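Okay, structure first, notes after.
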Amino acid sequence: MFDFDGTVALVRAGWMPAMLDMMMETLMPLGPDPAALRAEAEDYVARLTGKDTLFQMLAFVDHVRALGGSPAPAEEYRDEIFRRIAGRVADRLNAVADGSKPPESILVPGVRPFLEALRASGVAVYLASGTAHEHILYESGLLRISQYFDGIYGSAPTSLTKAELLDKLLSEGIAGEEIVAFGDGRVEIEVTKAVGGTAVGIATDEETCLTVDAKKRGWLIHAGADYIAPNFLRTAELLEVVAGIR
Ligand SMILES: [Mg+2]
């Protein structure tokens with residue numbers, strides 16, 4: 001099971017600072033220490049990464065309320081962060097759509113050869129994301145990676161969550177120990193470990209995607225990741241991880 005944003009694709013790279021900046025506009029007047037407030041927000045934003053964005057905004061609403069503020073409904077904040085990152089997302093996708101940039105410009109390095117090798121080895125491969133289902137379908141098609149997946153699942157309710165996808169696989173007779181997840185979010189790591197699977201944390205530094213981001217690494221290890229990689233360039237070793245559990 002592959003997560004999409006930050007794992008396979010960089011379509012939404014930079015969303016976390018943008019989300020924290022937006023939250024700080026409301027949090028700043030509610031406490032004396034902006035750095036501490038931002039760190040608190042970053043903690044639940046990171047913890048809920050990989051789930052539908054609404055969960056991050058529900059946690060934010062609770063945070064604002066706990067500080068004595070009067071938050072707007074979580075849905076309004078969700079719509080606002082989507083509006084703020086929409087321009088950057090559209091620019092990246094349009095550059096690929098009009099041919100001025102290759103799909104590889106917004107794919108995590110090495111992911112295509114790795115997916116091709118997994119397909120060649122006969123492993124079933126699934127894509128699961130907390131981003132809206134129709135966006136995941138469009139973007140995976142545009143990036144010419146949809147052919148690698150046996151199933152593509154965006155956010156519920158129109159699709160399955162990551163936990164629901166794993167439940168579906170288990171109900172079809174797959175053992176939890178046979179499942180390997182690749183993801184940059186705590187959610188996919190936790191749900192995979194909960195069923196006895198193996199979790200590879202993709203802690204890519206989103207500037208270059210060549211080094212491990214120390215913060216992401218810490219979050220992913222805390223969530224239970226068995227391995228950490230900055231990208232998929234060490235294909236042979238990653239294939240060994242998959243082969244080792246079969
Ligand atoms: Mg992700």
Side-chain angles (χ1 to χ4, degrees), residues 1-10 13 46-47 49-51 104 106-130 136 140 143 145-153 160-206 208-246:
M1 175 174 78
F2 285 77
D3 168 59
F4 184 71
D5 288 298
T7 299
V8 166
L10 303 162
R47 179 163 43 84
T49 296
K51 278 186 136 170
E104 260 59 19
I106 46 173
L107 286 175
V108 171
V111 71
R112 186 186 302 282
F114 183 54
L115 287 168
E116 280 173 355
L118 284 178
R119 291 301 296 185
S121 75
V123 173
V125 188
Y126 297 90
L127 184 63
S129 171
I136 296 305
S140 57
L143 297 174
I145 55 170
S146 44
Q147 71 275 19
Y148 301 127
F149 299 104
D150 294 273
I152 297 177
Y153 301 92
L160 300 179
T161 65
K162 288 161 182 163
E164 287 167 349
L165 170 59
L166 295 188
D167 283 346
K168 177 178 177 291
L169 296 176
L170 296 180
S171 75
E172 290 169 357
I174 309 280
E177 297 74 34
E178 295 178 273
I179 293 170
V180 185
F182 297 87
D184 74 322
R186 295 188 55 139
V187 170
E188 52 265 25
I189 304 297
E190 285 170 353
V191 297
T192 301
K193 293 312 294 175
V195 300
T198 299
V200 180
I202 302 299
T204 197
D205 150 32
E206 289 185 6
T208 63
C209 293
L210 295 176
T211 57
V212 167
D213 179 289
K215 244 182 199 174
K216 283 190 193 174
R217 178 178 181 277
W219 292 327
L220 293 168
I221 288 176
H222 191 255
D226 299 289
Y227 302 92
I228 296 289
N231 52 46
F232 297 93
L233 291 173
R234 286 159 77 168
T235 317
E237 281 168 77
L238 291 167
L239 285 170
E240 267 176 43
V241 171
V242 176
I245 58 105
R246 296 178 73 199

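None of the values given here were measured: they were computed from a predicted structure.
Counting heavy atoms from C-beta outward, L10 and C209 have side chains that approach closer than 4.5 Å. Put simply, the side chain of R119 does not reach to within 4.5 Å of the side chain of Q147, judged on heavy atoms. By the 4.5 Å heavy-atom criterion applied to side chains, I179 and L170 are counted as neighbours. Counting heavy atoms from C-beta outward, L233 and F114 have side chains that stay 4.5 Å or more apart. Looking at heavy atoms from C-beta onward, Y153 lies out of side-chain contact with I136 at the 4.5 angstrom threshold. Proximity of F182 to V108: side-chain heavy atoms (C-beta onward) are nowhere separated by under 4.5 Å.
The nearest pair of heavy atoms linking K193 to A223 is CG-O, 4.4 Å. Contact between T192 and T198 at its shortest, heavy atoms only, is CG2-O, 3.4 Å. Heavy atoms only, all atoms of each residue included: D184 and D5 are closest at OD1-O, 3.0 Å.
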Please lay out, stage by stage, how E178 and L169 fare under the test side chain to side chain contact (heavy atoms under 4.5 Å, CB included).
CA-CA 10 Å; E178 295 178 273; L169 296 176; over 6 Å; no
Could you go through D213 and T204, starting from their C-alpha distance and side-chain angles, then the distance that decides it, and tell me whether this counts as side chain to side chain contact (heavy atoms under 4.5 Å, CB included)?
CA-CA 6 Å; D213 179 289; T204 197; over 6 Å; no
Start with the C-alpha distance between F2 and Y148, add both sets of side-chain angles, then the distance that settles ring-ring contact (aromatic ring centres under 6.0 Å, His included), and finish with yes or no.
CA-CA 11 Å; F2 285 77; Y148 301 127; 9.7 Å; no
In sequence, state the C-alpha distance, the side-chain angles, and the governing distance for N231 and I202, and then conclude on side chain to side chain contact (heavy atoms under 4.5 Å, CB included).
CA-CA 6 Å; N231 52 46; I202 302 299; 6.0 Å; no
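To the nearest 0.5 Å, atoms CD1 (I189) and NE2 (H222) are separated by 13.5 Å. Distance OG1/T49 to NZ/K216: 9.0 Å, rounded to 0.5 Å. Atom CG of L220 is separated from atom CG of D226 by 11.5 Å, given to the nearest 0.5 angstrom.
When the shell of 6.0 Å around CZ of R112 is examined, it contains more than 12 heavy atoms from other residues, nucleotides or ligands.
In this structure, K168 pairs ionically with E172, as a charged nitrogen and a carboxylate oxygen lie closer than 4.0 Å.
A donor and an acceptor atom, one from each side chain of D205 and T211, are located under 3.5 Å apart.
The only option from I152, D150, L166 that meets the side-chain contact (heavy atoms from CB on, under 4.5 Å) definition with Y126 turns out to be D150.
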